[in-house]
> 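Below: one structure in C-alpha cells.
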Amino acid sequence: MIGFILRRLLASIPTLLAVLTLVFIIVRVVPGDPALVILGDQATPEAAAALRARLGLDVPILTQYVRFLGAALTGDIGTSMVSGRPVFEEVGAVLPHTIDLTIASMILGIVVGVPVGIWAALHRNGPIDVAARLLSLIGLSFPVFVSGIFLLIGFALHLRWFPVIGQADLSDMGDRIHKLILPAITLGLVMAAYITRVTRSAMLASLSEDYIRTARAKGVPWRRVVWVHGLRNASLPVVTVVGLYVGILIGNSVLTEIVFNRPGLGKVIVGALNQRDYTMLQGLMVIYCFLIVVVNLITDLLYGVLDPRVKAA
Amino acid sequence: MKTKLLAALAAMVLGAAPLAAQAQQGPTLRVGMAAQDVGRLDPHFAVSTIDRVAVAWMFNGLVRFRPGSINPAEIEPDLAESWESSPDGKVWTFRLRRGVQFHGGFGEMTADDVVFSLQKAANAGSSAFSADYRAFQSVEAVDPYTVSITLRENVPSLLGLVTNYSGGYIVSRRAVEQRGADFARQPIGTGPFALERVTPNTSAEMVANPQYYRGAPQIGRISYRFIPSDASRDLAFQNRELDLNYGRADQTWVNRARQVPGSTVDVFEPGELTILSLDVSRPPFNDIRVRRAFAHAINRQEMVRWRGPDVSREGLSVVPRGYLGFTADNGLLPFDQARARALLAEAGHPNGLTVRVVHTQLPEMLNGMQVIQQQLRRVGFTLDLQVVEHATFHQQIRQNLSPLVYYAAARFPVADIFLSQFFHSRSIPGTPTAVTNFSHCNVADSQIDAARVSTNREEQLRLWAEAQRLLVENVCAVPVMETLLVFARRNNLDYGYELKGSMSLGPLITEQTRLN
C-alpha cells in the first residue's frame, strides 16, 4: 500500500511541473500589467518600471521561471505581488474554509444522492424515478448564486437562523459548523443531483447483470442483492464522479463563497487572476494541484477497496 | 527565576491591559465593502477604494480636509499646527504638533518622520503618487518640530500635497525601515484607529488608538469586512450584521436601500467624472467634424436618467464641477442628432461609421458604454466593442489600441490635476511621463503649464477656463456625467460631522464618530 502511494506521488511530479509551467507562461502571456493594478491609474511609467524591477518582472521570462522553480524546490512559493503577504499565509487562512465546505458538500451529496439514485433505479420509470430525475435536473440547472440567495433570504433574513455573513471563526467549532450549513446545502444539493443520476444509471446497469439474476435465483434476499451485490459494483462510477467533482469543487466553489461571504480558495484564485498576481496564482496552482493529486490518490485507493481486482492489478 | 518570570508576566499584563481595555470600551463598527481583500495598506500605495477608505482612518497628513468636506478652502491643521509660505510661494514651513504618538509604541512623530514620508511619497520606487511631487526640490527638518519644503516651481495647491490624501499621509520612519515590505500589511500611522490584523479575504480589524492626539475615539473597534457580492452585502445590512454598507451609485439601489428601516443613504462628493476621450491623432477622430458629430450625439440628460438623478449629474466640462478652476462657460456642444448626422455626412460618412473600441467588462462601466453605444447608433456611429477583462483594458488603452476611451475618475479638486493628467501632452500614453491623456490632445498645454505656476489666483482661474474652452472646442473629450459616492448606514451611526464629501472615497471615521 505504502509503495503504491509513493509511486502515485512520484508519478504526480511531472504533472505538477507541467501544470506549473503552463500556469507560469499563461499568466504572463495574458494581457494585463500587475504594476498597473498595484500602482493605479495615476502611476507614471517610471514608477511602474521601478515596481516591475522590484517584483522581478524586468528579467527574461526564462530567468523568472528558473528563479521560481528554484524557490519552489526549497518550499518557498513566494509572496503576493499585490498584498505583499506570503502565499502560504494567504492560502493557509482560507484553506480550512475550503476543506470544510468541500467535505460537508461531498457528505451531503453522497448521503442524499446515493439512496435517491438507488431508489430511483429500483422504481425505474415509476413516479419516484420520474420525481428523482426531475429534481436532479432542477438541482443541476439551478445556479448556485440563485439558490444561495434564496436560502439566505429564507433562512437568514426571515427566519434568522443563520447569519448572512458566513465568515466563520476557525477556532470556534460551533460557529464553524453553524456558518457552514447553508453553503454546504447549496453546493451539496448540486452534487447530490450529479450523484443521483450516476448512481441510478450505474445501479440499473448493475441490476441487469447475470450475477444478479443468479443471486436472485439462488434465493438471496432482495435487500442483500441490492445493497451488497448491486451497489458494490455500481459504486465504482459513483466514486469516480465524486472524485472528479471534489476536485472541481475545491476550485469552483467561488460563487458559493461570494454569495455566503465565505473565504475560500476559489475566491482567492479569481482575485489573483483579476489582479494579475502572478506569484499568488503560481502558489495557488501548486497547492491546488497537490490537493487534486491527493483526491485522485484517495479515489484510486477506494477503487482497490471496492474492487479487489484493481488492487491486484 | 520564578520571580523574574512572574514579574515579566505582570509587566506584560499591566502594560497590555490599559490599551486592550480602552480599545474595547467602545462599540464595534461593522463595515461592508465591495471588495475581495485589501491590497496594500502603505498609504503611498493605497490606490483602490478599499485601501483608500481604510488608510484614512489610520493615518494623518500635515493638514486635513475638514471632515465631511472636500473643499480645499476648508483645509485645516492636522499634524502641523501652523504653516507659512515665502512671498513667492516656493518655500513652505510647517510647525508640527508636539506629542503626537505613532501606533504600536513607535514613538513620537517628529520632523524626521515628515521628511521621510514626503520623500517616500515623491520617490517612484516607494509611492504610486510620485508624479504629484515633481515640483518638490527639497524637504528638510529645520528642527524636530519644524519642516521646510522648497519647490522648484509654484504648484496650484501645496496644501493639497500634504493633506490626508494619497501621498500626503505621514508614516513612521522607524516602522517603514524596520518592517520593510511588511509595512504594507503592518502599517503604522498616527490616526484614530490602528490596524490589529488582516484576515485575507475576510476582514481587516482595527482598534481605537487611545493615544490619538484629538482624543480617544468613541468607537472601540472597526471590523472592515470584504464582501464582494452586492446582494449578500445588502442582505447583511438588512439583517443588521453591518452598520455601514458600501453602496452602488445607481438609483434603483438607492431607492431600495432607502426602504431599509432604521437606515440612511448618504450620497456625497467627489463626483467621478466620466469622459469619452477621442484620439485626435488618428482616424476617424483626427477629423474635427467627426468629433463634433460624436459630441452632438451624446445625450447627457438620458445618461443621468439612466444612472439616477440622486447619484449622478450631467458632466458640464472636461473638469468635474466643484473643482477649483472649473467653468461651465466653455461652449460645450449640445445634444443634437440632426446636426450630428449632417456633420458625419459632411466628413464623408453619409452611411455612418464603425469604430472599434476596447472596453472593460466591469459591469458599471460596461453598462454605461452600452447606453452610449445606443445613443451613437442613432446618428450613424457603430461602436464595435471589444470587451476585455479590466486589467487588460487598462493595459490596452495605454498601448493606444482604442481610438475612443470611456474613463471615469475623481482627483484632487483643483483643475490642474485633471487637466494635466488627461489633457497635457506630457501625459500621452507611450511618452516617458505618460498618465491618462488618451485623447493625445495638446491644444491647452501652454494654458495648463502657465496656470500651474501662476501665483495670481485670478490669472490662474482665467487660464484654466481658457484651457477648458480649448479642449471642448477641439472636442478632445466629451464629458458625460458625474457619479457620486453612496454609502448606507444604520441610523445609530453618527459620523460626528455632516458628510458632504470625502477624498478617501468613504466616510471618515473619527474620534467623534459614535454608534448610539
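Just so it is clear: chains get the letters A, B, ... in the order the sequence lines come, proteins before strands, and each one is counted from 1.
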> Using heavy-atom distances under 4.5 Å, tell me whether B:Glu389 contacts chain A through its side chain, its backbone, both, or neither.
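It is the side chain, since no backbone atom gets that close.
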> Who among A:Val91, A:Val30, A:Thr44 has the most heavy-atom pairs with chain B under 4.5 Å?
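Heavy-atom pair counts peak at A:Thr44.
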> Picking from B:Ala124, B:Ala35, B:Ala409, which has the most non-hydrogen pairs under 4.5 angstrom with chain A?
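Going by pairs under 4.5 Å, I would pick B:Ala124.
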> Who wins among B:Leu242, B:Asn201, B:Val435 for the most heavy-atom pairs under 4.5 Å with chain A?
B:Asn201
> Looking only at side chains, do B:Ser166 and B:Arg52 share a donor and an acceptor under 3.5 Å apart?
yes
> Less than 4.5 Å to any heavy atom of chain A: does that hold for the side chain of B:Arg411, its backbone, both, or neither?
side chain
> Do B:Trp253 and B:Asp230 pair up side chain to side chain, a donor and an acceptor below 3.5 Å, judged on atom types alone?
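Judged by distance alone, the side chains do not pair up.
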> Pick from A:Gln167, A:Glu46, A:Gln42: which one has the most heavy-atom pairs with chain B under 4.5 Å?
A:Gln42
> With chain A, which of B:Ala231, B:Ser229, B:Ser48 has the greatest number of heavy-atom pairs at distances under 4.5 Å?
B:Ser229
> Would you say the side-chain atoms of A:Ser171 and A:Asp169 include a donor-acceptor pair closer than 3.5 Å?
yes
> Is B:Arg40 salt-bridged to B:Asp51, cutoff N-O under 4.0 Å?
no
> Quick check on B:Gln238 against chain A: is it the side chain, the backbone, both or neither that has a heavy atom closer than 4.5 Å?
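Backbone plus side chain of B:Gln238, per the 4.5 Å heavy-atom cut-off to chain A.
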> Counting only non-hydrogen atoms closer than 4.5 Å, does B:Arg134 touch chain A with its backbone (N, CA, C, O), its side chain (CB onward), both, or neither?
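For B:Arg134, side-chain heavy atoms alone lie under 4.5 Å from chain A.
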> What part of A:Asn261 gets within 4.5 angstrom of chain B, counting heavy atoms only: side chain, backbone, both, or neither?
side chain
> Using a 6.0 Å cut-off, check whether atom CZ of B:Phe129 has over 12 heavy atoms from anything other than its own residue.
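It does: B:Phe129 CZ has more than 12 such atoms within range.
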> Which atoms of B:Ser127 are under 4.5 Å from chain A, going by heavy atoms: the side chain, the backbone, both sets, or neither?
backbone
> Checking side-chain polar atoms at under 3.5 Å, does B:Thr436 have a donor or acceptor matched by the opposite partner on B:Gln421?
no
> Regarding A:Gln275 and A:Asp277, is there a side-chain donor-to-acceptor distance under 3.5 Å anywhere?
no
> Taking atom types as modelled, is there a side-chain donor on B:Glu272 or B:Thr274 under 3.5 Å from an acceptor on the other?
no
> If I measure from the heavy atoms of chain A, does B:Ala181 come under 4.5 Å with its side chain, its backbone, both, or neither?
neither
> What parts of residues 147-165 of chain A touch chain B if we use heavy atoms and a cut-off under 4.5 Å?
A:Ile149, A:Leu152, A:Ile153, A:Ala156, A:Leu157, A:Arg160, A:Phe162, A:Pro163, A:Val164, A:Ile165
> Less than 4.5 Å to any heavy atom of chain A: does that hold for the side chain of B:Asp42, its backbone, both, or neither?
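Neither part, no heavy atoms under 4.5 Å.
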> What part of A:Val82 gets closer than 4.5 Å to chain B, counting heavy atoms only: side chain, backbone, both or neither?
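Both the backbone and the side chain of A:Val82 come within 4.5 Å of chain B.
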> Classify the side-chain pair A:Glu257/A:Ser253 by whether it contains a donor and acceptor separated by less than 3.5 Å.
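Looking only at side-chain atoms, A:Ser253 and A:Glu257 do form a donor-acceptor pair, the distance falling under 3.5 Å.
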> With no hydrogens and no angle check, just 3.5 Å: does a side-chain donor-acceptor pair link B:Asp132 and B:Ser130?
no
> If we define contacts as heavy-atom pairs under 4.5 Å, which of B:Arg398, B:Arg225, B:Gln396 has the most with chain A?
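When all of B:Arg398, B:Arg225, B:Gln396 are compared, B:Arg398 has the most.
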> Tell me yes or no: between the side chains of B:His44 and B:Asn123, is some donor less than 3.5 Å from an acceptor?
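No pair is found: no donor N or O on one side chain lies under 3.5 Å from an acceptor on the other.
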> Working to the nearest 0.5 Å, report the span between CZ of B:Arg185 and CG of B:Leu41.
11.0 Å
> What part of A:Ala47 is in contact with chain B, defined as an atom under 4.5 angstrom from a non-hydrogen atom: side chain, backbone, both or neither?
both
> With sequence neighbours left out, write down each residue that passes side-chain contact (heavy atoms from CB on, under 4.5 Å) with A:Thr102, or none if nothing qualifies.
A:Thr98, A:Val246, A:Leu249, A:Ile250
> Which bit of A:Arg54 is near chain B, if near means a heavy-atom gap under 4.5 Å: side chain, backbone, both or neither?
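The side chain, not the backbone.
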> Are the side chains of B:Arg426 and B:Thr431 in contact, using a 4.5 Å heavy-atom criterion?
no
> Assess the pair B:Tyr407 and B:Phe422: is the distance between their ring centroids shorter than 6.0 Å?
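Ring centroids of B:Tyr407 and B:Phe422 are less than 6.0 Å from each other.
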> Name the option with the most non-hydrogen atom pairs under 4.5 Å to chain B; the candidates are A:Asp33, A:Val268, A:Leu273, A:Asp41.
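When all of A:Asp33, A:Val268, A:Leu273, A:Asp41 are compared, A:Asp41 has the most.
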> Under a 4.5 Å cutoff for heavy-atom pairs, which residue among A:Ala50, A:Pro45, A:Gly40 has the most contacts with chain B?
A:Pro45
